[in-house]
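Reminder, nothing fancy here: chain letters follow the sequence lines and each chain counts from 1.
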There are 2 protein chains.
Amino acid sequence: MLKYEAIARELREDIQQGKYTPGEQLALEKEMCQQYGVSRITIKRAVDELVKQGLVVKRRGSGTFVKSLKDEDVKELSMANQFSGFAATFKGRKVASKILRFEIIHPTAEVAAKLQLAVDDFVYDIIRVRLLDDRPVVVEYTQMPIQLIAGLKRQTLEKSIYSYIEKDLGYKIQSAHRTVRAVMPTDEEREQLQIEGVLPLLEVTQVAFLDDGRPFEYSIARHRGDYSNFRSVSIR
Amino acid sequence: MLKYEAIARELREDIQQGKYTPGEQLALEKEMCQQYGVSRITIKRAVDELVKQGLVVKRRGSGTFVKSLKDEDVKELSMANQFSGFAATFKGRKVASKILRFEIIHPTAEVAAKLQLAVDDFVYDIIRVRLLDDRPVVVEYTQMPIQLIAGLKRQTLEKSIYSYIEKDLGYKIQSAHRTVRAVMPTDEEREQLQIEGVLPLLEVTQVAFLDDGRPFEYSIARHRGDYSNFRSVSIR
DNA sequence: GAGTGGTCTAGACCACCCC
DNA sequence: GGGTGGTCTAGACCACTCG
């Protein structure tokens, strides 16, 4: 366990357990150095993690202060700005997939550009409905280069493609670039998501990258607007 | 100008100007130390900025590599994950506001909790339509504590509240916690945003914080789905 | 002026990758 | 085994805040 990670975790737990009142000042960096027996840069890194997670605020010349947050918000934070697939996001709940399509095609010029392919290369073309506790919540349109993600089977799609990529292929996933929009469902989507009446969808378009910088996935996920939202913490 | 910032900017410009082919390896950190005459930690910080912006990928044991990105994407990045108000986001374009409401009320229990207020405290209650190049693109419902944001005038709302808070009140804005959803417009919103037919809205709910950790704004912005999107880079 | 966090250094050792 | 980036140290100086 890394020192700065361990310290960050300890501080985060203290805050989440309400050991500080909203707006209260944290121990000084110099004090923490002694307390934890590490150098100041290490303390700084630990506290900067909490800043990134939106839990505290640092002011040069004054100190570090716990943000004045609603209790529930404190618990929900630290997850925002992170990256994980559908299955990992809802770990512990019942997750399933219904496969509507699993073909190999040529990508459009648009997708080819995003995935750094030529239009006469091949990609998997996958459409899945993802179910959470037996209720359909999202339709995912996924394209991946067959050269990179070799040997994909129907069975894998039932579960987690990401787990296949990491555990079986031995790749590491590094990041995802996302764009979020609001859209209306198509008739097909209304049926698949069992939508009655008028309900918009949250569309998340994503290009995902391996740790060598190669894009391996272009996907469009359309979430039921009444189930899903998207959180983030922006620092100035 | 900070050293790591300057170096990050220089590297970013090189990448944006296409001086590297997709997937190409950057100079080693040790080499950059010599090239820029700084220590390795400083180089590391600079390169870590590029990682955060989604432009490069670092692999321990191998080196740092430029992501394989579409050219347009390279230019649009580095803005994602940042925080700015409406006026700042569209700097250079014609921005205006139509004020639909400007009152002082008691907050609901929900909003009071988010803003760390009591329900018998007072908040401004503001509704504005924001126009971009004379076209309405978003309706903003904003509440702010009157104790904190004192002396707000109708005139200020026409322009930028954030600029008032920073320049006139002398506060510093630190961060914003956001949640994004897809919703349908109300009849009133349809009218204000001049929506014909069926068009969903992208709803961004935000709590914004000063640099001392105090929340100063609870706002719900409902953007026309055909104009707006929301970008982010997630690192694993 | 005393004290805070921000930046930077020069160097060390470690985990990991690839040959 | 040679080389990469990751972590960490001990110390310095700076920019800023506040009494």
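- Once rounded to the nearest 0.5 Å, the distance linking CG of B:L115 with OG of A:S68 reads 10.5 Å.
- Within 4.0 Å (heavy atoms only), B:K30 reaches sugar-phosphate atoms of the nucleic acid but no base atom.
- Think of the region where chain B sits on DNA chain C: with heavy atoms and a 4.0 Å cut, that region ends 5' and 3' at C:dT7 to C:dC18.
- The existence of a salt bridge linking B:K70 and A:E110 is confirmed by a sub-4.0 Å separation between a basic side-chain nitrogen and an acidic carboxylate oxygen.
- Atom NZ in B:K44 sits about 16 Å away from atom P in D:dT4, given to the nearest Å.
- In this structure, B:R45 is positioned above the aromatic face of B:Y4, its NZ or CZ under 6.0 Å from the six-membered ring centre and within 45° of the axis.
- Judged by distance alone, the side chain of A:E24 and the main-chain N or O of A:T21 form a donor-acceptor pair under 3.5 Å.
- Mapped onto DNA chain C by nearest heavy atom, B:R59 and A:Q25 fall at different nucleotides, with A:Q25 at the one closer to the 5' end.
- Two residues, A:I43 and B:L28, neighbour DNA chain D, and the one matched to the more 5' nucleotide by heavy-atom proximity is B:L28.
- Geometric assessment of A:K67 against the ring of B:F209 yields a positive cation-pi assignment under the 6.0 Å and 45° thresholds.
- Nucleic acid contact class of B:I41 (heavy atoms, under 4.0 Å, all strands): base.
- Look at A:R130 and A:E140 and you find a salt bridge, because one of the NZ, NE, NH1 or NH2 atoms lies within 4.0 Å of a carboxylate O, short of that distance.
- Rounded to an integer number of Å, the gap from A:E29 CD to D:dC14 C1' is 15 Å.
- For the pair B:E31 CD and D:dG5 C1', the computed distance is 13 Å after rounding to whole Å.
- A:V47 comes within contact range of no nucleotide atom at all, as no heavy-atom separation falls under 4.0 Å.
- At the heavy-atom level, A:K3 lies under 4.0 Å from the strands shown only through sugar-phosphate atoms.
- Nucleic acid contact for B:R40: base, since at least one base atom lies under 4.0 Å from a heavy atom of the residue.
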